[in-house]
Amino acid sequence: MPKSTHVSELDLIAEIRRAFPASRRRTVPLGIGDDCAILRPPPGHDLLVTTDFTLESRHFRRETHPAQAVGHRCLARGLSDLAAMGATPLAAFLSLALPRNFPGTPIGRRWLKDFLAGLGNLASATHTPLAGGDTAQSPTETILADIVLTGIAPTGTALRRSGARPGDDIYVTGALGGAAAELRSVLAGKSPRRASKGDYPHLYPHLYPQPRLAQGQVLRRRALATACIDLSDGLSTDLTHLCAASGVRAEIDFTALPIHPLAQTQPDAFHLAVNGGEDYELLLTAAPTTRIPGKIAEIPLTRIGTILKRNFRHPPITLLHTDGSREPLNPGGWQHFTTQELFVEGK
Ligand SMILES: [Mg+2]
């Protein structure tokens, strides 16, 4: 490897270390700076691990996505997986590959600073220390990031996809379709270059999704949910995953779906709400005898349907209309940026 690149990699690590001060947590006795991090989950806890790629052109575009938002989303995706299982974040690990010479240019330095700030703001808001990672030169002109997130939950209590039973009610947190609606304007070049994240997160469901950690933890602690999954690929796809894992089918009440205000302004609001991905809300099921609060930590929960016994003559998910008619709801979820054409061509 040429010497100049090696130096810039050291600079890169120094920059990351500056952005993430050493953890003082008992659960992370050793973070960045040695061959390995040391994690010490409290006794009586399971360790949960999830990993997510964030790839330029697939998950974001440098021309349309502010670097702060890319950093935020990079961490938010894994935090949402922890939220779906009711876990508490323990530590994150970031591997980052940047194009050759990119960190050496003013634009590249700015991008990196903003990316780390976006990631760092969400990390501190959710008490998630960055405990290590790796850097490399990207083999192409694209930015590649991979994040590993670890979390903890008391032994045997983490929520799973597999516990839904016939008769259970289906709920979602928050509202649906906002991320897809915002992505549409982001791709049309209407995103703020530096969105003021944090103040009005509901305005930026795509750029600054808010992982439902507090809600997941309450659901787990109070044993309210029989099954849970986060909505990364869209309701129709993620509900299919939950039904498959639980060996059941589901019926969704068309009129009950909480549609995000950003999606309501779109002609295909319903399509965005059921097939638009990356809302990072929680989809859960609960026994009909369980009282589900109307809100958990400020976020509303809405009952949207019922779990039914699997029957191979019926599709895994049906949609119930107000006139009592039913139609199959096929998984048509997000393929992340592969659906970009869908938006451009307005299909
Ligand atoms: Mg998930």
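For reference, positions follow the sequence shown, starting with 1. For ligands, and for the atoms within them, numbers begin at 1 and follow the listed sequence. These figures come from a predicted structure and were not determined experimentally.
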Students should find that the hydrophobic cluster of Val28, defined by side-chain heavy atoms under 4.5 Å apart, otherwise consists of Leu39, Leu47, Val49, Leu90, Phe93, Val148, Ile152
Note, the Mg ion (ligand 1) has protein N, O or S atoms under 2.8 Å numbering 2
For residues 150-177, the side chain to side chain donor-acceptor pair (under 3.5 Å) pairs (sequence neighbours left out) are Asp168-Thr226, Asp169-Arg303, Thr173-Glu281
Across all chains, not counting sequence neighbours, the ring pair (Phe, Tyr, Trp, His ring centres under 6.0 Å) partners of His241 are none
Please state whether the rings of Phe270 and Phe254 are parallel, tilted or perpendicular, taking 30° and 60° as the class boundaries. tilted
Asp146 side chain to Ser95 side chain, donor-acceptor N/O pair below 3.5 angstrom = no
Fit a plane to each ring of Tyr208 and Tyr204, take the angle between them on a 0 to 90° scale, and name the class: parallel (under 30°), tilted (30 to 60°) or perpendicular (over 60°).
perpendicular
